[in-house]
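The first residue of the sequence shown is numbered 1, and numbering continues consecutively from there. Keep in mind it's a predicted model, so treat the numbers as computed, not measured.
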Amino acid sequence: MREKIDVFYKMNGRSLEKEINFPTSCPHCSMTMKPNFYYAYSNDKYDSGSQKIGVLFSCSNEDCGKFFACQFEPCDVRNYSDLRQIELPYSALLGYHLPENLQNISPKFFEIYEEAFEIEKLQKLNTAGMAYRKALEFLVKDFAILRNSSPEDIEFIENNMLGNVISTYFNEFPKIQKLSKASAWIGNDETHYTRKHEDYDINDLKNFINAVALFISADEMVDQAQELLES
């Protein structure tokens with residue numbers, strides 16, 4: 001959405017109203033939001049086709065609130081009133097924590113999830129979404145194999161689509177089944193041409209995958225507790 005702002009031009013000693021597209025996500029926390037606008041400044045003349053405008057924003061997400069700057073320039077030197085944003089090399093300060101015992105269940109899940117996380121830090125959200133979806137598949141299938149270790153089951157799990165594995169092997173784990181299915185639906189949107197669930201994005205995908213991971217981790221911890229009680 002284009003917004004009107006006042007830009008102070010140093011060479012002219014005056015402010016002039018301009019229209020720009022506000023950023024739609026925070027470069028620090030990566031959350032979708034409409035930023036708070038504070039100030040816009042340029043060292044150039046307002047009629048210069050090579051003008052650069054610096055704009056100060058802050059994140060409107062209450063858990064972040066950090067300041068960040070954006071830079072704008074004319075789309076065309078002959079049309080200096082139409083401005084576009086210049087990409088700046090921000091890196092979002094993301095973090096994650098996964099239960100350590102999942103490394104025993106699905107080490108490949110850990111590896112792929114970390115790769116997805118590194119990709120997301122580079123703001124390559126389309127690629128990161130596909131990587132998170134792949135991480136989910138390894139976690140779910142590895143857990144299914146852990147609980148169903150016959151050669152026939154392993155062959156089915158390894159060679160069937162994730163949705164079939166979830167429907168077949170997780171009836172005894174209804175919460176994991178629901179979370180895995182929801183994660184798979186959103187993850188599929190990250191890999192397909194059209195999105196079926198437009199109200200959900202990569203943040204929802206991560207939240208569901210993390211919930212799946214916690215439930216699987218807890219189930220493994222229950223087994224360890226049972227061994228202690230029976231010893």
Side-chain angles (χ1 to χ4, degrees), residues 30 92 94-231:
S30 297
L94 302 175
Y96 72 91
H97 175 74
L98 296 172
E100 292 184 4
N101 66 334
L102 289 180
Q103 294 202 40
N104 299 324
I105 300 172
S106 182
K108 197 71 175 178
F109 163 72
F110 253 84
E111 178 184 337
I112 299 171
Y113 193 102
E114 184 173 353
E115 290 177 1
F117 168 76
E118 293 299 326
I119 295 170
E120 186 184 5
K121 285 201 301 183
L122 299 175
Q123 295 292 295
K124 298 180 179 180
L125 300 185
N126 290 326
T127 308
M130 291 187 286
Y132 281 122
R133 165 62 176 77
K134 185 174 181 178
L136 169 73
E137 179 152 351
F138 272 87
L139 176 61
V140 169
K141 288 192 172 184
D142 284 345
F143 181 68
I145 290 174
L146 181 68
R147 291 289 182 262
N148 306 271
S149 57
S150 72
E152 295 79 12
D153 286 323
I154 293 175
E155 182 181 3
F156 182 94
I157 293 167
E158 289 180 343
N159 295 303
N160 268 269
M161 297 177 64
L162 179 60
N164 291 338
V165 173
I166 294 171
S167 298
T168 304
Y169 289 96
F170 284 82
N171 293 320
E172 296 181 7
F173 308 95
K175 291 183 179 180
I176 298 177
Q177 188 177 56
K178 290 177 182 178
L179 287 165
S180 298
K181 185 178 293 186
S183 301
W185 285 8
I186 302 173
N188 289 342
D189 279 349
E190 298 295 331
T191 63
H192 294 162
Y193 188 80
T194 58
R195 301 185 70 91
K196 292 184 178 180
H197 311 92
E198 295 184 355
D199 293 335
Y200 295 87
D201 58 19
I202 190 173
N203 291 311
D204 300 296
L205 174 60
K206 289 190 299 179
N207 288 337
F208 285 145
I209 292 176
N210 291 343
V212 172
L214 288 173
F215 272 109
I216 290 177
S217 171
D219 188 78
E220 179 71 6
M221 293 296 291
V222 169
D223 288 349
Q224 295 179 24
Q226 186 67 30
E227 290 179 7
L228 172 64
L229 294 174
E230 294 177 353
S231 63

Residues that Asp199 engages under side chain to side chain donor-acceptor pair (under 3.5 Å), provided they are two or more places apart
none
What pairs with Ser150 under side-chain contact (heavy atoms from CB on, under 4.5 Å), at least two apart in sequence or on another chain?
Glu152, Asp153
Nearest heavy-atom contact between Ile112 and Ala131 is CG2-O, 3.4 Å
Taking side chain to side chain donor-acceptor pair (under 3.5 Å) as the definition, give me every residue that meets it alongside Asn188, ordered by chain and number, with sequence neighbours left out.
Arg133
In this structure, CZ of Phe109 is separated from CG of Leu98 (nearest 0.5 Å) by 5.0 Å
Any residue meeting side-chain contact (heavy atoms from CB on, under 4.5 Å) with Asn207, in chain and number order, not counting sequence neighbours
none
With sequence neighbours excluded, residues passing salt bridge (charged side-chain N to carboxylate O under 4.0 Å, His left out) with Lys108
Glu111
Write out all pairs satisfying salt bridge (charged side-chain N to carboxylate O under 4.0 Å, His left out) with one or both partners inside residues 168-182, taking only residues at least two apart or from two chains.
none
Would you give me the side-chain donor-acceptor pairs under 3.5 Å for residues 138-147, sequence neighbours excluded?
from	atom 1	to	atom 2	distance (Å)
Lys141	NZ	Glu137	OE2	3.0
Lys141	NZ	Ile157	O	3.2
Lys141	NZ	Asn160	O	2.7
Asp142	OD2	Ser106	OG	2.6
Arg147	NE	Asp219	OD2	3.4
Arg147	NH2	Asp219	OD2	2.5
Arg147	NH2	Asp223	OD2	2.6

How long is the straight-line distance from CG of Leu102 back to OG of Ser217, given to the nearest 0.5 Å?
5.0 Å
Nearest heavy-atom contact between Ala211 and Leu179 is CB-CD1, 3.7 Å
Using atom types as modelled, flag every donor-acceptor pair under 3.5 Å from a side chain in residues 224-231 to any protein atom, sequence neighbours excluded.
from	atom 1	to	atom 2	distance (Å)
Gln226	NE2	Glu230	OE2	2.6
Ser231	OG	Leu228	O	2.6

Once ring-ring contact (aromatic ring centres under 6.0 Å, His included) is applied, what residue pairs with a partner in residues 192-231 remain, sequence neighbours excluded?
Trp185-His197
Work out which heavy atom in Ala128 is nearest to a heavy atom in Ile202; give both atom names and the distance.
CB-CD1, 3.8 Å
How close do Leu205 and Ser183 get, counting heavy atoms only, and between which atoms?
CD1-O, 3.3 Å
Over all atoms of both residues, closest heavy-atom pair of Asp189 and Thr194
OD1-O, 4.1 Å
With the side chain counted from C-beta on, respond yes when Ile209 and Tyr113 share a heavy-atom pair under 4.5 Å apart, and no when they do not.
yes
If you look at every heavy atom in Thr168 and Asn164, which pair is closest and at what distance?
OG1-O, 2.7 Å
Begin from the C-alpha positions of Leu162 and Leu136 and carry the test side-chain contact (heavy atoms from CB on, under 4.5 Å) through to its verdict.
CA-CA 9 Å; Leu162 179 60; Leu136 169 73; 4.0 Å; yes
Considering residues at least two apart in sequence or located in another chain, which fulfil the salt bridge (charged side-chain N to carboxylate O under 4.0 Å, His left out) criterion with Glu115?
none
